[in-house]
Number of protein chains: 2
Amino acid sequence: MAVSERGPRERMVFSAAQLIRREGVAATGMREVAAHAGAPRGSLQHYFPGGKEQLVNEAVGWAGRYAGNRVARFLAALPEPTPAALFAEMVRQWTDEYEAAGFAGGCPVAAATVDCAQSTDSTREATAAAFAAWTAPVARALTDLGVPGERAEPLATLMISALEGAILIARAERDVRALTTVAHELGPLLDAAVRERT
Amino acid sequence: MAVSERGPRERMVFSAAQLIRREGVAATGMREVAAHAGAPRGSLQHYFPGGKEQLVNEAVGWAGRYAGNRVARFLAALPEPTPAALFAEMVRQWTDEYEAAGFAGGCPVAAATVDCAQSTDSTREATAAAFAAWTAPVARALTDLGVPGERAEPLATLMISALEGAILIARAERDVRALTTVAHELGPLLDAAVRERT
DNA sequence: GGCCGACTATGACGACGGTCATAGTAGTCC
DNA sequence: GGACTACTATGACCGTCGTCATAGTCGGCC
């Protein structure tokens, strides 16, 4: 796997996110996480004395920060940065993965929300924080691109909602159709918001 | 609970959908389903010889048909039917539930997708069918409302994607904000599609 | 009555999960 | 060297889960 040589703790968080993405929270075992990370089983209780709950929460937090950080990188890489182009890039990350590696994984934050929102309140809070850590950079990017301030956050929420839903449908259908559709349909709406700054 | 007096089999399917909505597929036990439905445990293997997989698939199918059937009823109940009004009504079903009964439940199809898309192919197919059984009536409604035929299905996909994503975020945040936001932001786009039939 | 199918009712089994307890190793500082 | 801390390594416990097996009930039909 050529896991970059971070500490075993970080590797386990990363592996947890990977497995949760694929199988859901409940179906992901602690032993499985340790094995996937190439870490000893005993390290689990050493690094995560809070048990599975803590590990899952950290995996969700990691995923939220990861998604948030990518936004800036997307923006920097765009030759002609517009809101629609940013959204297309966010979507493209998923279509690329699905076409290259199959439809095995979804969004770990979505998985944690579905599996734990009702049963584990600390995880629910972690998912809310993850969505916030993702939405904020998107909204900031929108304002930077010329979207009026009061519309940036609603549009960011819309973008992430549509993306999450399309990921679900794409996995169900094993087809990127839903993803390309939302990118195509939402693009004009997003770019139109730029010109509204009267 | 005043479960309307259908047969025990149907009650178990319904109960399975309810529990999956709340806790996810993996965390929903067969015994729990039987208890919730007020049905004897032995009936499970009698009515669902295919085991949990069959029960989950039927629950997903039921949910898809249920969502599809509601579309027509929404349309009929709207005083001034437009695409935006239809979408607002679809969203309102969720905001009403969340405000009245709390954020306990999500969409059972989303839960099944997250938990089973990778592990259980028959359930993945059931979720794809459920999304199709939901998208088709929405697309049909859009054409009835004047949306050009070639845009009806993409827009229906966009509506359902945004709704599913907003449900996730709303549950995570315990706030209907995301739901009202997508309804508000997507409304103009949907209605604008009507006037495009040149 | 006797039979049979549909359904109910329980107990048991095997597997697996998360967690705990305990012991072992390695490196460091005194 | 010896104590101490960080980390590794396993085995065991106990609960729960899905499933199977077996037996029991009930109603109709010949």
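Just so we're on the same page: letters track the sequence lines, and every chain starts at 1.
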In whole angstroms, how far is the P atom of C:dG18 from the CG atom of A:Leu55?
-> 10 Å
Close side-chain approach of B:Leu163 and B:Trp134, heavy atoms under 4.5 Å | yes
Kindly say whether B:Cys107 contributes a backbone atom to a donor-acceptor pair with the side chain of B:Arg21 at under 3.5 angstrom?
-> no
Starting at atom CD of B:Gln45, determine the distance to atom P of C:dT10, rounded to an integer number of angstrom.
-> 14 Å
Can you find a pair of side-chain heavy atoms, one from A:Arg151 and one from B:Glu185, that are under 4.5 Å apart?
-> yes
If every non-hydrogen atom of B:Asp115 is compared with every non-hydrogen atom of A:Asp115, which pair is closest and at what distance?
-> OD1-OD1, 2.9 Å
Contact state string [nucleotides 23-28 of chain D, B base, S sugar-phosphate only, - no protein heavy atom under 4.0 Å] = ------
Side-chain contact test, heavy atoms from C-beta onward, threshold under 4.5 Å: evaluate it for A:Gln93 versus A:Glu89 and give yes or no.
-> no
Heavy-atom closest pair (A:Ile169 atom, A:Arg177 atom, distance to 0.1 Å) is CG2-NH2, 4.2 Å
Tell me yes or no: between the side chains of B:Glu53 and B:Ser122, is some donor less than 3.5 Å from an acceptor?
-> yes
Is any side-chain N or O of B:Arg41 under 3.5 Å from a base N or O of C:dG11, one able to act as donor and the other as acceptor?
-> yes
Identify the two heavy atoms, one from A:Pro137 and one from A:Ala132, that lie closest to each other, and give their separation to 0.1 Å.
-> CD-O, 4.4 Å
Looking at side-chain heavy atoms only, is the closest gap between A:Glu173 and A:Phe103 below 4.5 Å?
-> no
Under 3.5 Å for both distances, Watson-Crick or G-U wobble, that's the pair rule; now give the dot-bracket for DNA chain D, with | marking pairs to another strand and [ ] for crossing ones.
-> ||||||||||||||||||||||||||||||
For D:dT8, take OP1 and OP2 only and decide whether either is under 4.0 Å from a side-chain N or O of A:Ser43.
-> yes
In whole angstrom, give the distance that lies between atom CD of B:Gln54 and atom P of D:dT19.
-> 10 Å
A:Glu58/A:Leu55 under side chain to side chain contact (heavy atoms under 4.5 Å, CB included): CA gap, chis, key distance, verdict = CA-CA 5 Å; A:Glu58 295 202 19; A:Leu55 177 58; 5.6 Å; no
Figure out the CG/C1' separation between A:Leu44 and C:dA21, and round it to whole Å.
-> 16 Å
Would you tabulate the nitrogen or oxygen pairs shorter than 3.5 Å linking the protein to nucleotides 15-18 of chain D?
residue	atom	partner	partner atom	Å
D:dG18	OP1	B:Thr28	O	3.3
D:dG18	OP1	B:Lys52	NZ	2.7
D:dG18	OP2	B:Met30	N	2.7
D:dG18	N7	B:Arg31	NH1	2.6
D:dG18	O6	B:Arg31	NH2	2.9

Taking NE2 from B:His46 and P from C:dT10, how many angstroms apart are they, rounded to a whole number?
-> 17 Å
Winner on side-chain proximity to B:Tyr47, out of D:dT10, C:dC7, C:dT10, is C:dC7
Of all heavy-atom pairs linking A:Leu155 and A:Ala193, the shortest is CD1-CB, 3.6 Å
